[in-house]
Amino acid sequence: QVQLVESGGGVVQAGGSLRLSCAAFGRTFSNYAMAWFRQAPGKEREFVAGIDWSGGSTLYADSVKGRFTISRDNAKNTVWLQMNSLKPEDTAVYYCAPGGSGWYSSKEYEYRYWGPGTQVTVSS
């Protein structure tokens with residue numbers, strides 16, 4: 001059984017920054033890619049960023065490229081999402097998810113386990 005615990009969400013003004021954390025338990029963390037998704041009210045969950053098992057390769061949605069950075073520490077079973085220059089349209093519940101292999105995917109259906117999410121609200 002995989003357990004995921006996201007934290008770090010909150011309310012921030014436009015232009016501000018937040019750092020989300022996700023701790024993963026229950027499987028060998030270093031064997032798997034990790035990803036962040038988000039879901040805004042009334043919208044489908046969408047891919048935000050992914051990182052491979054080693055941390056050496058990353059992928060970002062066009063909407064966050066250059067503003068968000070995903071990173072991981074396999075010794076701490078933790079993945080982070082540093083979010084800078086936040087915009088009101090970044091408001092959503094953010095979820096982390098482990099991939100099915102060491103390589104990330106932007107496809108939601110390829111992720112089996114999800115954390116409860118953490119709310120990010122960006123005010124204008």
Side-chain angles (χ1 to χ4, degrees):
Q1 190 72 12
V2 176
Q3 290 185 313
L4 302 152
V5 181
E6 300 101 337
S7 62
V11 180
V12 63
Q13 288 190 329
S17 298
L18 284 173
R19 190 190 195 203
L20 306 184
S21 298
C22 171
F25 308 92
R27 70 197 297 189
T28 305
F29 181 80
S30 59
N31 286 353
Y32 299 95
M34 293 293 296
W36 286 95
F37 285 75
R38 67 186 181 186
Q39 187 167 22
K43 296 187 177 181
E44 294 185 350
R45 188 153 50 188
E46 64 175 0
F47 174 81
V48 174
I51 188 166
D52 76 341
W53 67 275
S54 71
S57 182
T58 57
L59 177 69
Y60 297 94
D62 288 344
S63 59
V64 307
K65 201 173 295 183
R67 300 188 298 122
F68 290 11
T69 302
I70 188 171
S71 60
R72 67 188 295 162
D73 185 333
N74 287 342
K76 297 181 179 180
N77 284 12
T78 301
V79 62
W80 295 276
L81 185 68
Q82 178 67 45
M83 306 186 296
N84 298 329
S85 302
L86 282 161
K87 304 175 181 180
E89 51 263 43
D90 294 318
T91 294
V93 177
Y94 284 71
Y95 302 89
C96 70
S101 71
W103 196 249
Y104 47 70
S105 169
S106 63
K107 307 300 183 184
E108 181 185 355
Y109 62 80
E110 296 196 24
Y111 294 84
R112 180 179 177 184
Y113 300 102
W114 299 91
T118 185
Q119 176 71 49
V120 171
T121 302
V122 184
S123 62
S124 57

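In what follows, residues are counted from 1 in the order of the sequence shown. The structure presented is a predicted model; accordingly, all values stated were derived computationally and were not measured.
Nearest heavy-atom pair, A33 versus Y104, reported as atom, atom and distance to 0.1 Å: CB-N, 3.4 Å. Closest of all the heavy-atom pairs between Y111 and P98 is CD2-O, 3.2 Å.
Between atom CE of residue M34 and atom CH2 of residue W36 there is a gap of 7.5 Å, rounded to the nearest 0.5 Å. From L81, atom CG reaches atom OG of S71 across 8.5 Å, with rounding to the nearest 0.5 Å. A distance of 7.0 Å separates CG of D90 from CE of M83, quoted to the nearest 0.5 Å. We find the CG-OG distance between L59 and S106 to be 6.0 Å, quoted to the nearest 0.5 Å. Within the model, atoms NZ of K87 and OG of S63 stand 8.0 Å from one another, a figure rounded to the nearest 0.5 Å. With rounding to the nearest 0.5 Å, the separation of OG in S101 from CG in D52 is 9.5 Å.
Scored by the side-chain contact (heavy atoms from CB on, under 4.5 Å) test, Q39 finds R45, Y95 as partners (sequence neighbours excluded).
Taking hydrophobic clusters as Ile, Leu, Val, Met, Phe, Trp and Tyr residues chained together by side-chain heavy-atom distances below 4.5 Å, V79 does not share a cluster with V5. Linking Ile, Leu, Val, Met, Phe, Trp and Tyr whenever their side-chain heavy atoms come within less than 4.5 Å leaves Y113 and V93 in two separate clusters.
Electrostatic pairing of D62 and K65 counts as a salt bridge here, judged by a charged N lying under 4.0 Å from a carboxylate O.
Residue pairs meeting the disulfide (SG to SG under 2.5 Å) criterion with at least one partner in residues 25-85, sequence neighbours excluded, are absent. Within the structure, every pair that satisfies the side chain to side chain donor-acceptor pair (under 3.5 Å) test and touches residues 115-124, not counting sequence neighbours, is listed here: Q119-T121. For residues 42-68, the set of pairs meeting the ring pair (Phe, Tyr, Trp, His ring centres under 6.0 Å) definition, not counting sequence neighbours, comprises F37-F47.
The side-chain heavy atoms of E89 and V122, taken from C-beta on, include no pair separated by under 4.5 Å.
Each of E46, E6, E108 was checked for a salt bridge (Lys or Arg N to Asp or Glu O under 4.0 Å) with R38, and the lone residue meeting it is E46.
Taking Ile, Leu, Val, Met, Phe, Trp and Tyr as hydrophobic and joining them when side-chain heavy atoms fall under 4.5 Å apart, one finds Y32 isolated, its cluster having no other members.
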Only distances under 3.5 Å count here; give the side-chain donor-acceptor pairs of residues 17-30 to other protein atoms, sequence neighbours excluded, each with its distance to 0.1 Å.
unit_1, atom_1, unit_2, atom_2, d
S17, OG, N84, OD1, 2.9
S21, OG, W80, NE1, 3.3

